[in-house]
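Predicted model only: the values in this text are computed from it and were never measured. For this chain, numbers begin at 1 and follow the sequence in order.
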Amino acid sequence: MNPNVTIKSVQLLSDNWYKLNKYTLEYRRSDGTMEEQQREAYDRGNGAAILLYNRRRRSVILTRQFRLPTYINGNSSGMMIEACAGLLDEDSPEDCIRREAEEETGYRVSDVAKVGEAYMSPGSVTELLHFFAAEYADDMKTGTGGGLEDEQENIEVLELPFDRALAMIESGEIRDAKTIMLLQHAKLHGLVPPPPAPLHIFVVGPYRSGTGDDPGRIAANLRAMNEAALQLYRMGHLPVVGEWYSLPLLETAGSTGPDDPLFEELFHPTGMRLIGHCDAVLRIGGPSAGADKMVRLAEEASKPVYYRVEDVPGLA
């Protein structure tokens, strides 16, 4: 206990819902003198709050309910968007938050991780709030949530994209301190990973190889690469086929065929330059010395090489 503080008396002012006490104390100032002070402290017990998040969907579970104190202090609707929370009563913080999560949100979570604790209004309220986070999944859902009828709780359960929840802090739609703290913790510690970025993928495969320079078979090889590129595009990536660059350049330069010097100057060197500007390579089709060379260059540059469209990570 602080030797500079002596509690002289405690007067109970209210014991209606929670306890409001008036304290008379002696406090030693920094200059050594003693002064008598009177302070009121509201004791509602300690509490716990939890952020439920889903890494795969990049979403969080929050609640919305009417809060009278905000209604009488500038919140025109009185509705507040919050992380699930409740008072400990006689439970441990971990047991309390598991109970509250199921009652309010309908999710039964077992693996809860404590992320900290804080006094939320130390000038007037004794409450120490314990903060938790837990990942939720569909198979954890046991009911609709909404709170307890006998406690007159009327709670709406919200599943929001994580980025949307963060934006709601900026817009003022979320103004609850514990919720802001938990969402910022999740952002800082990467509980919800950022969305995967689109990849610039170089599609390589046989062009002339195995065709005997038959125009129809060459066109079929090019079409196979274009079809793979279309699949990658629809997955959210940015594909490129080397022939998209080299063939127009060859035509513009006046190349007369695969055996002239212009073909040697432009065809494979174009692909070699593309390697440096791509994130990955997709190798499709049959034997091709040129395509295999692009694969080797990609591997030397530590870029991933895929051999099936299905192996490329898709974007949600």
Item to check | Any side-chain donor near an acceptor of the partner, Glu127 and Ser121, under 3.5 Å | outcome: no
Checklist entry - CZ of Phe263: more than 12 outside heavy atoms within 6.0 angstrom? => result yes
Checklist entry - Hydrophobic clusters join Ile, Leu, Val, Met, Phe, Trp and Tyr when side-chain heavy atoms are under 4.5 Å apart, directly or via other members; which others share one with Val192? => result Leu51, Tyr53, Val60, Leu62, Ile81, Val115, Met120, Leu129, Phe131, Leu158, Leu160, Phe162, Leu166, Met168, Ile169, Ile174, Ile180, Met181, Leu182, Leu183, Leu191
Item to check | CD (Glu251) with more than 12 external heavy atoms under 6.0 Å | outcome: no
Checklist entry - Which atom names give the shortest non-hydrogen contact between Tyr23 and Ala41, and what distance separates them? => result CE1-CB, 3.8 Å
Item to check | Test side chain to side chain contact (heavy atoms under 4.5 Å, CB included) applied to Tyr27 and Met34, step by step | outcome: CA-CA 6 Å; Tyr27 182 79; Met34 299 293 292; over 6 Å; no
Checklist entry - Would a distance-only check, ignoring hydrogens and angles, find a side-chain to backbone donor-acceptor pair under 3.5 Å from Asp260 to Thr256? => result yes
Checklist entry - Would Glu102 and Thr142 count as a side-chain hydrogen bond (donor to acceptor under 3.5 Å, both in side chains) if you check the C-alpha gap in whole Å, the side-chain angles of each, and the deciding distance to 0.1 Å? => result CA-CA 8 Å; Glu102 187 166 8; Thr142 61; 2.9 Å; yes
Checklist entry - Taking the side chain as C-beta and beyond, is there a heavy-atom pair between Glu40 and Asn21 under 4.5 Å? => result no
Checklist entry - Would you say Leu266 and Tyr245 make side-chain contact, with heavy atoms under 4.5 Å? => result no
Next on the checklist: Working note: Asp279 + Lys303, criterion salt bridge (charged side-chain N to carboxylate O under 4.0 Å, His left out); need CA distance, chi angles, decisive distance, verdict.
Outcome noted: CA-CA 6 Å; Asp279 302 308; Lys303 298 176 186 281; 5.7 Å; no
Next on the checklist: For a quick test of reading the model, state the closest non-hydrogen atom pair linking Val157 to Thr105 and the distance between them.
Outcome noted: CG2-CA, 3.9 Å
Checklist entry - Rest of the hydrophobic cluster containing Tyr119 (Ile/Leu/Val/Met/Phe/Trp/Tyr, side-chain heavy atoms under 4.5 Å)? => result Leu128
Checklist entry - Got more than 12 heavy atoms from elsewhere within 6.0 Å of CZ, Arg57? => result yes
Next on the checklist: Taking atom CZ as the centre, does Arg55 end up with more than 12 heavy-atom neighbours from other residues, nucleotides or ligands that are less than 6.0 angstrom away?
Outcome noted: yes
Next on the checklist: Tell me every residue that passes side chain to side chain donor-acceptor pair (under 3.5 Å) with Asp111, counting only those two or more places apart in sequence or in another chain.
Outcome noted: none
Next on the checklist: For Gly254 versus Leu262, what's the shortest heavy-atom pair and its separation?
Outcome noted: C-CD1, 3.7 Å
Checklist entry - Is Arg175 close to Asn75 at the side-chain level, that is, under 4.5 Å between some pair of heavy atoms? => result yes
Next on the checklist: To check you understand the geometry: which heavy-atom pair defines the closest contact between Pro93 and Ala48, and what is its length?
Outcome noted: O-CB, 4.0 Å
Checklist entry - Passes salt bridge (charged side-chain N to carboxylate O under 4.0 Å, His left out), Lys141 versus Asp138? Steps please. => result CA-CA 6 Å; Lys141 194 166 181 63; Asp138 291 340; over 6 Å; no
When the side chains of residues 83-91 are checked against the rest of the protein, which donor-acceptor pairs come out under 3.5 Å, sequence neighbours left out?
{"unit_1": "Asp91", "atom_1": "OD2", "unit_2": "Arg99", "atom_2": "NH1", "d": "2.1"}

Checklist entry - Applying the 4.5 Å side-chain criterion to the ILVMFWY set and letting contacts propagate, would Met272 and Val241 be lumped into a single cluster? => result yes
Next on the checklist: In the structure I gave you, are the side-chain heavy atoms of Val109 and Met140 within less than 4.5 Å of one another anywhere?
Outcome noted: yes
Next on the checklist: So, using side chain to side chain donor-acceptor pair (under 3.5 Å) as the criterion, who are the partners of Arg223 when residues are at least two apart?
Outcome noted: Glu227
Checklist entry - Is there a side-chain contact between Pro261 and Glu265, using heavy atoms and a 4.5 Å cut-off? => result no
Checklist entry - What is the minimum heavy-atom distance between Tyr306 and Pro313, and which atoms define it? => result OH-CD, 3.6 Å
Item to check | Residues in salt bridge (Lys or Arg N to Asp or Glu O under 4.0 Å) contact with Glu173, at least two apart in sequence or another chain | outcome: Arg164
Checklist entry - Roughly how far apart are His189 NE2 and Gln184 CD, rounded to 0.5 Å? => result 11.0 Å
Checklist entry - Does any non-hydrogen side-chain atom of Phe267 lie less than 4.5 Å from one of Ser246? => result yes
Checklist entry - Hey, are the side chains of Ile284 and Met225 touching, using non-hydrogen atoms and a 4.5 Å cut-off? => result yes
N/O donor-acceptor pairs under 3.5 Å from side chains in residues 206-219, not counting sequence neighbours:
{"unit_1": "Arg208", "atom_1": "NE", "unit_2": "Asp213", "atom_2": "OD1", "d": "2.9"}
{"unit_1": "Arg208", "atom_1": "NH2", "unit_2": "Asp213", "atom_2": "OD1", "d": "3.4"}
{"unit_1": "Arg208", "atom_1": "NH2", "unit_2": "Asp213", "atom_2": "OD2", "d": "3.2"}
{"unit_1": "Thr211", "atom_1": "OG1", "unit_2": "Arg208", "atom_2": "O", "d": "2.5"}
{"unit_1": "Thr211", "atom_1": "OG1", "unit_2": "Asp213", "atom_2": "N", "d": "3.0"}
{"unit_1": "Asp214", "atom_1": "OD2", "unit_2": "Gly216", "atom_2": "N", "d": "3.1"}
{"unit_1": "Asp214", "atom_1": "OD2", "unit_2": "Arg217", "atom_2": "N", "d": "2.9"}
{"unit_1": "Arg217", "atom_1": "NH2", "unit_2": "Gly210", "atom_2": "O", "d": "2.7"}

Checklist entry - Do Met235 and Tyr307 share a hydrophobic cluster (ILVMFWY, side-chain heavy atoms under 4.5 Å, transitive)? => result yes
Checklist entry - Does a side-chain N-to-carboxylate-O contact under 4.0 Å join Lys114 and Glu94? => result no
Checklist entry - Between Glu35 and Gln37, is any side-chain donor less than 3.5 angstrom from a side-chain acceptor? => result yes
Checklist entry - For residues 287-299, which residue pairs qualify under salt bridge (Lys or Arg N to Asp or Glu O under 4.0 Å), counting only residues two or more places apart or in two chains? => result Arg283-Asp292
Checklist entry - For Thr252, which residues count as a side chain to side chain donor-acceptor pair (under 3.5 Å) partner, sequence neighbours excluded? => result none
Item to check | Side chain Thr33, main chain Arg29, donor-acceptor under 3.5 Å | outcome: no
Item to check | Shared hydrophobic cluster for Phe66 and Met80 (ILVMFWY, side-chain gaps under 4.5 Å) | outcome: no
Checklist entry - Does the pair Glu82 and Arg67 meet the rule for a side chain to side chain contact (heavy atoms under 4.5 Å, CB included), with working shown? => result CA-CA 11 Å; Glu82 307 175 35; Arg67 295 296 200 185; 2.6 Å; yes
Checklist outcome for this item: dist Thr270:OG1 -> Trp244:CH2 (nearest 0.5 Å) comes out at 14.5 Å
Item to check | Worked verdict on Ile275 versus Val281 for side chain to side chain contact (heavy atoms under 4.5 Å, CB included) | outcome: CA-CA 8 Å; Ile275 289 290; Val281 167; 3.8 Å; yes
Item to check | Same cluster (ILVMFWY, side-chain, under 4.5 Å), Leu238 and Val309 | outcome: no
Please table the atom pairs, donor to acceptor, closer than 3.5 Å between any side-chain atom in residues 1-19 and protein atoms at least two apart or in another chain.
{"unit_1": "Asn2", "atom_1": "OD1", "unit_2": "Asn4", "atom_2": "N", "d": "2.9"}
{"unit_1": "Asn4", "atom_1": "OD1", "unit_2": "Arg28", "atom_2": "NE", "d": "3.3"}
{"unit_1": "Ser9", "atom_1": "OG", "unit_2": "Thr24", "atom_2": "OG1", "d": "3.4"}

Next on the checklist: Would you say Tyr136 and Ser59 are linked by a side-chain donor-acceptor pair, where the criterion is simply a distance under 3.5 Å?
Outcome noted: yes
Checklist entry - If you group Ile, Leu, Val, Met, Phe, Trp and Tyr by side-chain heavy-atom gaps below 4.5 Å, do Ile155 and Met79 land in one group? => result no
Checklist entry - What distance do Lys178 atom NZ and His130 atom NE2 have between them, rounded to the nearest 0.5 Å? => result 14.5 Å
Item to check | Ser110: partners by side chain to side chain contact (heavy atoms under 4.5 Å, CB included), with sequence neighbours left out | outcome: none
Item to check | Residues forming a side chain to side chain donor-acceptor pair (under 3.5 Å) with Asp43, sequence neighbours excluded | outcome: Thr126
